[in-house]
Amino acid sequence: MKIAILGGTFNPVHTGHVLLARSVCDTFGYDKILFVPSFMPPHKIVTESVSVEDRLNMLALACEEDSRFEVEKCEIERGGISYTWDTVCYIEEKYSAVLEGKLGLIIGQDLSAEFSKWKNAGQLAEKTDLILSHRPNEDNVFEAEVQKDGFSSFENKHRGDFSGEFATEEMLKEFPYPHRILYNPLFKVSSTDIRALAAAGKDFSGLVPEKVYCYIRNRKLYGYRF
């Protein structure tokens, strides 16, 4: 079985995540995508607007979109800072009986510029098949639709020596580790956008899977006030 990992805070999971996972399966022939929600990412301070349970529940609903998707809770259960190296070692052992080849590791264009700062980056690149995915370099796409003064409160802050630098196309081409580049469809939305839109009472129903939208609405997450 060919397995790839897609990590993130998923706060909340959105349609762009789903499209990316499908693109990895369809382009590179993976049988399973493991969505791995982080407990505490090493590169950013997460806006704690919903519980871990809510993030997990929304992710489980999104994974119902495709039988190839599955939630892997190891980072949540482990607690502490969620290092990808530890996760890859755990998943490699967990699926050792069925795993075909190396694990795929999906890295967004927004993270690849600072991959060298990750824990055991060189060893991680050897242990996995790195897949560099594209994403629009348009932060806060929907900022004009909410009060500008309040938008920053929904953004995650960078942690430690991570600056949040976005990799340009040239930087992707010069990425110094073995990798494949995924030319995935671009979906112009971020979790920050969705949190801000929900709090501002703006419609975001087309930006997340339908069941996730209903979950946010019913539980009034992110200050939802329609």
Side-chain angles (χ1 to χ4, degrees), residues 6-26 33-41 43-71 73 75-76 106-111 133-158 164 166 182 184-226:
L6 177 57
T9 54
F10 303 112
N11 186 28
V13 59
H14 55 67
T15 302
H17 296 130
V18 173
L19 291 176
L20 172 59
R22 283 181 177 156
S23 184
V24 170
C25 287
D26 295 342
I33 301 292
L34 295 177
F35 286 76
V36 184
S38 58
F39 182 79
M40 185 186 299
H43 61 284
K44 63 183 177 182
I45 301 171
V46 177
T47 300
E48 296 181 355
S49 52
V50 301
S51 68
V52 169
E53 290 74 19
D54 281 325
R55 287 197 287 133
L56 282 171
N57 290 340
M58 288 188 285
L59 195 53
L61 291 171
C63 285
E64 292 178 6
E65 299 263 315
D66 195 307
S67 61
R68 298 171 293 185
F69 300 168
E70 184 177 319
V71 180
K73 299 186 291 184
E75 292 188 358
I76 299 295
I106 307 164
I107 302 176
Q109 191 170 355
D110 54 327
L111 298 177
S133 66
H134 285 73
R135 64 169 291 175
N137 187 12
E138 297 184 29
D139 295 334
N140 308 342
V141 174
F142 296 96
E143 184 170 356
E145 297 189 28
V146 299
Q147 292 184 359
K148 188 172 182 179
D149 292 341
F151 198 95
S152 62
S153 64
F154 301 97
E155 297 179 298
N156 297 313
K157 309 304 180 184
H158 302 299
F166 192 94
L182 176 70
N184 51 294
L186 298 182
F187 191 80
K188 296 181 180 180
V189 68
S190 71
S191 296
T192 300
D193 294 325
I194 294 165
R195 293 194 298 271
L197 288 170
K202 301 292 184 179
D203 180 40
F204 61 95
S205 57
L207 305 180
V208 297
E210 183 178 358
K211 290 182 180 179
V212 174
Y213 175 75
C214 292
Y215 186 91
I216 294 172
R217 181 190 63 196
N218 293 338
R219 293 181 62 84
K220 296 181 172 57
L221 302 183
Y222 309 113
Y224 179 95
R225 56 182 179 85
F226 277 33

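Keep in mind it's a predicted model, so treat the numbers as computed, not measured.
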At their closest point, which heavy atom of [X] faces which heavy atom of [Y], and how far apart are they?
X: Leu6; Y: Ala21; value: CD2-CB, 4.5 Å
X: Glu75; Y: Ser38; value: OE1-CA, 3.1 Å
X: Ser23; Y: Pro185; value: OG-CD, 3.8 Å
X: Gln109; Y: His134; value: OE1-CA, 3.4 Å
X: Arg55; Y: Asn11; value: CD-CB, 3.8 Å
X: Arg22; Y: Glu65; value: NH2-O, 3.1 Å

Drop me the distance from [X]'s [atom1] to [Y]'s [atom2], to the nearest 0.5 angstrom.
X: Ile216; Y: Lys211; atom1: CD1; atom2: NZ; value: 15.0 Å
X: Leu59; Y: Thr9; atom1: CG; atom2: OG1; value: 10.5 Å
X: Leu19; Y: Phe187; atom1: CG; atom2: CZ; value: 6.5 Å

Do the side chains of [Y] and [X] get nearer than 4.5 Å, heavy atoms only?
X: Thr15; Y: Pro209; answer: yes
X: Arg68; Y: Val24; answer: no
X: Val71; Y: Pro37; answer: yes
X: Leu182; Y: Leu20; answer: yes

(message) Closer than 4.0 angstrom, basic N to acidic O: yes or no for Asp193 and Lys202?
(response)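 A salt bridge is absent here (no side-chain N lies under 4.0 Å from a carboxylate O).
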(request) Answer yes or no: does atom CD of Glu210 have more than 12 heavy-atom neighbours from other residues, nucleotides or ligands under 6.0 Å? (result)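 No, because the 6.0 Å sphere around CD of Glu210 holds 12 heavy atoms or fewer from other groups.
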(request) Could you tell me how the ring of Tyr213 sits relative to the ring of Phe204: parallel (under 30°), tilted (30 to 60°) or perpendicular (over 60°)? (result)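 Rings of Tyr213 and Phe204: perpendicular, over 60°.
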(message) Ring centroids only, cut at 6.0 angstrom: are Phe35 and His17 within range, meaning strictly under it?
(response)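 Not close enough - the centres of the two rings lie 6.0 Å or further apart.
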(request) Any chance you could lay out the side chain to side chain contact (heavy atoms under 4.5 Å, CB included) test for Met58 and Leu221, step after step, and finish with the verdict? (result) CA-CA 11 Å; Met58 288 188 285; Leu221 302 183; 4.1 Å; yes
(request) Without swapping roles, check the side chain of Ser191 against the backbone of Pro12 for a donor-acceptor pair under 3.5 Å. (result)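 Checked: pair present.
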(message) Before you tell me yes or no, could you show the steps for Ile194 and Val189 under side chain to side chain contact (heavy atoms under 4.5 Å, CB included), namely the whole-Å CA-CA distance, both residues' side-chain angles and the distance that decides it to 0.1 Å?
(response) CA-CA 8 Å; Ile194 294 165; Val189 68; 4.0 Å; yes
(message) Show, in sequence, the C-alpha distance, side-chain angles and deciding distance for Asp54 and Tyr215, and conclude whether the side chain to side chain contact (heavy atoms under 4.5 Å, CB included) test is met.
(response) CA-CA 9 Å; Asp54 281 325; Tyr215 186 91; 2.5 Å; yes
(request) Determine, step by step, whether Ile33 and Ile106 satisfy the side chain to side chain contact (heavy atoms under 4.5 Å, CB included) criterion, reporting the C-alpha distance in whole Å, the side-chain angles of both residues, the deciding distance to 0.1 Å, and the verdict. (result) CA-CA 10 Å; Ile33 301 292; Ile106 307 164; 4.3 Å; yes
